[in-house]
Amino acid sequence: MTPPTSPYAEFLDLSGEIADLGAAQAVLSWDQETYMPPGGQQARGRQMATLSGLIHRKFTSDEMGNLLERLSGPEPPDEIDQCLAVERAMWEYRRAVRVPEELVRETARAQSDSVACWTEARPRNDFRKWLPHLERILDLERRRADCLKDPGQDRYDALLQGYERGATGAEIAAVFDRLRDRVVALVRRIGASDYPVSTSCLDREFDVDRQWDFGLEVLKAMGFDLGKGRQDKSAHPFTTGFHPTDVRLTTRLNARTFATGLFATMHEGGHGLYDQGIRIEDARTPLGGAISLGIHESQSRMWENLVGRSLPFWRGFYSRLQNAFPAELGSVALDVFYRAINRVEPSLIRVEADEVTYSLHIILRFEIERAMLAGELDPAGLPDVWRDKMREYLGLDVPDDKDGCMQDIHWAWGLIGYFPTYTLGNLYSVQFFEQAQSDIPDLDARIEAGELQRLTEWLREKIHRVGLRRLAGELCTDITGRPLEAEPYVRYLETKFGQIYRLA
Ligand code: ZN
């Protein structure tokens with residue numbers, strides 16, 4: 001190996017090593033969720049903690065600090081891409097060194113205590129028992145935000161940057177306010193429709209092996225490369241990429257809930273295509289990643305909803321599905337099936353929500369977490385506020401905290417500022433998809449013909465290959481000529497579900 005000849009070459013070497021350690025940690029974590037025997041739990045925890053410590057030390061080392069100082073100041077690299085790589089790393093580095101190690105350790109302890117308590121308290125509906133942990137988490141997140149924030153920056157925004165760089169709570173709130181009012185109105189109109197949707201055609205047993213095969217067929221049609229990735233099973237579907245040449249998806253199949261499994265596969269397939277689409281030459285560098293959680297989620301939601309729950313897709317794939325399940329679906333008409341997979345029904349649980357009501361679950365969480373972090377809402381009042389908002393937005397009475405404010409692990413884990421990225425993903429997905437439809441005038445016909453890869457090519461060029469060269473807001477303007485907006489998404493929902501429910 002020839003020794004590095006410039007500060008940038010040294011920086012690249014060090015970044016590559018850190019990326020390799022991160023990938024090794026991701027392999028361990030993937031294995032933990034898929035194949036690891038239960039007995040391995042404790043040892044695996046230690047192995048992962050050792051690797052995280054190593055990564056943190058390398059990334060915040062004086063060596064890295066000095067290189068970044070030189071490259072951002074007196075010795076900038078020659079190329080624009082190289083300057084960007086330094087900027088991305090410098091931004092992460094500053095965030096990493098601003099939080100004192102003692103606070104990092106205390107936060108890790110608090111999170112693991114909180115999750116342990118939440119795991120026990122949730123099934124027993126014991127919000128009071130978990131409350132002190134939530135208060136401690138919020139207090140620590142406020143302290144972390146104070147370390148991270150730039151002068152004059154809002155605490156919530158400082159945390160939000162960790163998931164969605166460049167976004168602010170105020171901008172998101174402005175978009176979400178418009179979205180909420182229109183979606184609440186749409187849900188009410190759907191509830192009053194004279195053409196209710198029946199899901200009885202899905203209410204039967206679907207052999208899981210055949211579900212698995214059909215899911216793989218769809219993944220291949222999407223362009224997911226099984227020579228550079230694989231699919232396995234796990235309790236909670238997820239995607240993790242070790243490198244663009246090795247991307248892992250998981251799905252969850254159940255004979256009684258056919259649709260959930262297929263849409264989980266397509267959702268994770270969208271994430272997986274993004275990870276496979278990163279340029280090989282960017283891998284192991286600070287440019288070789290996804291732009292933000294919101295942009296990542298735009299890819300999964302596009303495949304799951306805009307393609308997977310669309311009529312053009314099923315015009316092409318329904319006969320194949322009927323061939324896979326002749327006894328179950330052979331006599332079910334396409335229209336009946338299409339309406340069934342698109343039924344709208346307000347429900348208590350976010351992860352089971354349909355396309356229309358999903359955003360309301362997120363908006364409610366965003367409003368609540370922002371108010372709690374700002375100290376405007378006492379966490380002791382969380383269950384009541386939750387009930388009030390669920391009634392106001394979804395028209396539902398929440399019977400208990402288990403299926404109410406304690407249903408998600410996010411707050412128990414200390415993830416404040418994470419929830420809005422799910423809905424940002426939905427909003428971006430529609431803005432991008434409409435642009436794809438305008439750039440590829442026969443896109444719907446291609447999808448109907450089963451040629452899904454035309455869309456994949458477009459996504460590769462416009463989004464995947466960009467890597468971390470742009471931030472989310474910049475990417476949106478580059479592609480669509482507009483900033484993030486509520487209107488396209490609302491219009492999409494009103495049109496699609498207006499037809500399904502025959503709304504005037
Ligand atoms: Zn996702």
Side-chain angles (χ1 to χ4, degrees), residues 26 29-30 33-34 160 162-165 167 172 215 218-219 222-224 229-242 244 247-253 257 259-278 289-310 313 341 349-363 365-366 407-411 413 415 417-433 452 455-456 459-460 463-464 468 472 475-476 484 489 492:
S29 158
W30 167 84
E33 303 295 325
T34 49
L160 181 62
Y163 314 109
E164 202 67 25
R165 184 178 168 189
I172 293 176
V218 173
L219 278 180
M222 287 164 62
F224 185 75
R230 49 179 290 134
Q231 181 179 252
D232 293 272
K233 290 169 194 161
S234 68
H236 302 284
F238 68 95
T239 297
T240 180
F242 313 141
V247 175
R248 309 297 176 95
L249 318 178
T250 70
T251 191
R252 168 178 48 188
L253 301 176
T257 56
T260 330
L262 176 65
F263 292 125
T265 297
M266 291 187 79
H267 179 101
E268 300 308 328
H271 284 306
L273 283 177
Y274 191 179
D275 290 350
Q276 284 189 339
I278 298 289
I291 291 176
S292 70
L293 290 186
I295 298 297
H296 224 310
E297 199 65 7
S298 76
Q299 303 303 290
S300 55
R301 302 279 166 151
M302 187 181 295
W303 286 102
E304 176 190 353
N305 292 329
L306 306 183
V307 177
R309 287 189 167 89
S310 77
F313 174 78
I341 58 169
I349 306 292
R350 173 183 65 87
V351 296
E352 292 165 7
D354 57 76
E355 217 183 329
V356 176
T357 56
Y358 189 88
S359 292
L360 297 175
H361 288 269
I362 295 302
I363 293 171
R365 286 159 176 76
F366 166 73
Q407 65 182 269
D408 296 302
I409 198 171
H410 299 58
W411 290 337
W413 257 125
L415 298 174
Y418 189 109
F419 276 125
T421 66
Y422 292 118
T423 286
L424 293 178
N426 280 332
L427 297 168
Y428 282 129
S429 77
V430 169
Q431 275 184 253
F432 295 157
F433 194 71
L452 307 181
L455 177 61
T456 308
L459 294 170
R460 284 260 190 280
I463 299 168
H464 305 171
L468 260 163
L475 183 81
C476 186
L484 179 77
Y489 184 58
Y492 155 77

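Residue numbers run from 1 in the order of the sequence given. Both ligands and their constituent atoms are indexed starting at 1 by order of listing.
- For the side chain to side chain donor-acceptor pair (under 3.5 Å) test with Thr239, the passing option among His271, His296, Glu268, Arg248 is Glu268; the others fail.
- Between Leu306 and Arg301 there is no side-chain heavy-atom pair separated by less than 4.5 Å.
- Under a 3.5 Å cut-off, the side chain of Gln231 and the backbone N or O of Thr251 do not form any donor-acceptor pair.
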Donor-acceptor pairs under 3.5 Å, side chain of residues 419-428 to any protein atom, not counting sequence neighbours: which ones?
| from | atom 1 | to | atom 2 | distance (Å) |
| --- | --- | --- | --- | --- |
| Thr421 | OG1 | Tyr418 | O | 2.8 |
| Tyr422 | OH | His410 | NE2 | 2.9 |

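- For the pair Leu160 and Ile172, the minimum side-chain heavy-atom distance is below 4.5 Å.
- Excluding waters, the count of protein N/O/S atoms less than 2.8 Å from the Zn ion (ligand 1) comes to 3.
- Donor-acceptor pairing under 3.5 Å is lacking for the side chains of Glu33 and His236.
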